J.: 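One structure is given below, represented as structure tokens, and several questions about it will come after.
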Amino acid sequence: MCGIFAYSGEPTNASQLILKGLKNLEYRGYDSWGIAVKKGNSIYLEKHVGKISNAQIKKVVSKVGIGHTRWATHGGITIKNAHPHLDCTQKIAVVHNGIVENFEEIKKRLIKQKHRFVSETDTEVIAHMIEDKIRSGKSIENATYLTFKELRGLNAIIVFYPEKNTFLAIKNSSPLIIGKGKRGFFIASDITAIIEHVNQVYYLKDNELVVIKDKDAYLLEVKKHKKIKIKFTKPQISVDDVGLGKYPNYMIKEINEQPKVIFNIAKNYKQNIKKIANKIRKSYGTYFIGCGTAYFAGLSGTYLFSKIAKRHVNSAVGSEFVYLIDFIKKESLVLALSQSGETIDIISSIKKVKEKGAYVTAITNVAGSTLYRMADDKLLLNAGPEKCVLATKSFTAKIAVLYLIAHTLNGSYDKAVENLIKVTKEIKKIIKNKKIKKIAQKIVNKRHIYILGRGVSYPTALESALKIKEVSYIHAEGFPAGELKHGVIALINKGTPVIVYNPTDETYDDTLSSAHEVKSRGAYVIGIGSKPNKIYDEFIHVDDCKNANIIPNVVIAQLLGYYLAIEKGLDPDKPRNLAKSVTVK
Ligand code: AGP
């Protein structure tokens, strides 16, 4: 997912400042990057393919500039395709996050008007469109606004007009945050990129045009040419939330933060949880939707609600929900789960759900995110920024919330709080369990790992497999234990690692039989639960946490994945090909 960063304020080493801002956006995933800084009366442009970390960048002192990390969609990973993109006059620079769905027809029209293109990107058309409108006499503000309104798709753009020390920003769906600090104004795709510089923030709303000129920043109502004061607020995160602290990387930091996050949810969420429970009681059908890990949280919810609240809820993958939407009524409740609040498959689904008049509740970790602002009701996980591409604390936070909602419906909220506090203690014990690292060292050279479970241990197995595969690149497959003999068992042979989630709940006996079945085909069986058994080659003890076993169990998989990645010398925070938030389809 692309990253955007812009600065306007006191003269400074603008190229370095912007580069550092882009570094804070690296976790979103990218394959090239660039900056544009005002130098004298022209634009100093520097673009690179590859990682920012080992880059040397020219020192350019300036008062204003923009930067961008690109995750390629249209056009290969080349310097020419990296942002910022300029117009023919080289007076306008543009950076962009999103996809201009109608760029081909626009590009054809601009080429006919003799515009010269240097890249294969959709973004470059934006710079030439604005140039065209300015040439026909429009102001930079009007030209930017009219250009944006012509773009089809979900986009965020910053237009840099150094001649007038001006940059303008406008978006629909992809996020842009404006920050105000002692040295000037900042704009970024994510608050973590600017938090060290600002003490006030504003989350730009869809189709609002913000103008930043020298030391002034305002919203502009283009039609009436009316300036509107920006209502800045205090940021909800601090610089400490963003750094690594004593940890070597974000993945292990965020794994360690889980007890604190879950404790906070257990202790401080009663009103919010009660409101969602009441909404579920009154709705005609409740649907949990999410992508990747967030989907597995929703799927876990269907088991928790059935078991604890004796209530049927549906879950669906965000990208599939659009094909299931015909049965949604205005009395339906859609509960959208998304750490970033920017996942395009969720945003697109929710847009359609809202067109049908259904009620949308967002469970997200990012205040001001697109999903947060689209939803009728929202619950913030308050897990702190999750900068590792892998979802860890945001997953267990979602489970804790769904667990409390289910218990609220069952009238056993206080018992649930007590059990979650016990879970936080169990997580601390698991994090200290040295056996997990030893097991990782034993299986690090295996090509396939299988994970099975029944009941809520089935989505646990799915989430565990995702953790392992995305950070260690070892193929891992989670599946319902009952499906073993329907096919998967064909893949089990001597030494195949099979992780068996076997809590002492109603699934215990049948799952133990599955452990015997894989063992008799030579598997290396790793049992996880509160009851050891000689069938296991390895056993990781987890105290019985009743219906909340999924939380400590998944922490084991997070750690296993982490240790596998470290053993393989991989970067656990930024696995290849992955982005922290998938904001383009
Ligand atoms: C999980 O480890 C992955 N990073 C990925 O599956 C992620 O959960 C998914 O892209 C959804 O992200 P979201 O929660 O921000 O919507």
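The analysis underlying the following values was restricted to heavy atoms, covering all of them including side chains, and did not include hydrogens, waters or symmetry mates. Remember, predicted model here, so these are calculated numbers, not experimental data. In each ligand, atom 1 is the first atom listed, and ligand 1 is the first ligand listed.
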J.: If we count only N and O atoms by modelled type, under 3.5 Å, do the side chains of Tyr501 and Ser464 hold a donor and an acceptor together?
T.: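 Side-chain D/A pair, Tyr501 to Ser464: present.
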J.: Going by the rule side chain to side chain contact (heavy atoms under 4.5 Å, CB included), which residues pair with Ser340 if we only count those two or more places apart in sequence or in a different chain?
T.: Ser338, Glu342, Thr343, Ser581
J.: Is there a side-chain contact between Leu390 and Lys467 in this structure, where contact means two heavy atoms from C-beta onward sitting under 4.5 Å apart?
T.: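 Sidechains of Lys467 and Leu390: in contact.
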J.: Quick one: does Asn502's side chain have a donor or acceptor within less than 3.5 Å of a partner on Gly529's backbone?
T.: no
J.: Show me the donor-acceptor pairs within less than 3.5 Å that the side chains of residues 570-578 make with the rest of the protein, sequence neighbours left out.
T.:
{"from": "Asp571", "atom 1": "OD1", "to": "Asp573", "atom 2": "N", "distance (Å)": "2.8"}
{"from": "Asp571", "atom 1": "OD1", "to": "Lys574", "atom 2": "N", "distance (Å)": "3.4"}
{"from": "Asp573", "atom 1": "OD1", "to": "Tyr250", "atom 2": "N", "distance (Å)": "3.1"}
{"from": "Asp573", "atom 1": "OD1", "to": "Met251", "atom 2": "N", "distance (Å)": "2.7"}
{"from": "Asp573", "atom 1": "OD2", "to": "Tyr250", "atom 2": "N", "distance (Å)": "2.7"}

J.: For ligand 1, list every N/O pair with the protein closer than 3.5 Å, one pair per line with the distance.
T.:
{"from": "ligand 1", "atom 1": "2 (O)", "to": "Thr293", "atom 2": "OG1", "distance (Å)": "3.4"}
{"from": "ligand 1", "atom 1": "2 (O)", "to": "Ala391", "atom 2": "N", "distance (Å)": "2.9"}
{"from": "ligand 1", "atom 1": "2 (O)", "to": "Lys467", "atom 2": "NZ", "distance (Å)": "2.8"}
{"from": "ligand 1", "atom 1": "2 (O)", "to": "Glu470", "atom 2": "OE1", "distance (Å)": "3.4"}
{"from": "ligand 1", "atom 1": "2 (O)", "to": "Glu470", "atom 2": "OE2", "distance (Å)": "2.4"}
{"from": "ligand 1", "atom 1": "4 (N)", "to": "Val389", "atom 2": "O", "distance (Å)": "2.8"}
{"from": "ligand 1", "atom 1": "6 (O)", "to": "Thr293", "atom 2": "N", "distance (Å)": "3.3"}
{"from": "ligand 1", "atom 1": "8 (O)", "to": "Thr293", "atom 2": "N", "distance (Å)": "3.2"}
{"from": "ligand 1", "atom 1": "14 (O)", "to": "Gln339", "atom 2": "N", "distance (Å)": "2.7"}
{"from": "ligand 1", "atom 1": "15 (O)", "to": "Ser340", "atom 2": "N", "distance (Å)": "2.8"}
{"from": "ligand 1", "atom 1": "15 (O)", "to": "Ser340", "atom 2": "OG", "distance (Å)": "2.7"}
{"from": "ligand 1", "atom 1": "16 (O)", "to": "Ser338", "atom 2": "OG", "distance (Å)": "2.6"}
{"from": "ligand 1", "atom 1": "16 (O)", "to": "Thr343", "atom 2": "OG1", "distance (Å)": "2.5"}

J.: Restricting to side-chain hydrogen bond (donor to acceptor under 3.5 Å, both in side chains), what partner residues turn up for Gln441, sequence neighbours left out?
T.: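 Glu567.
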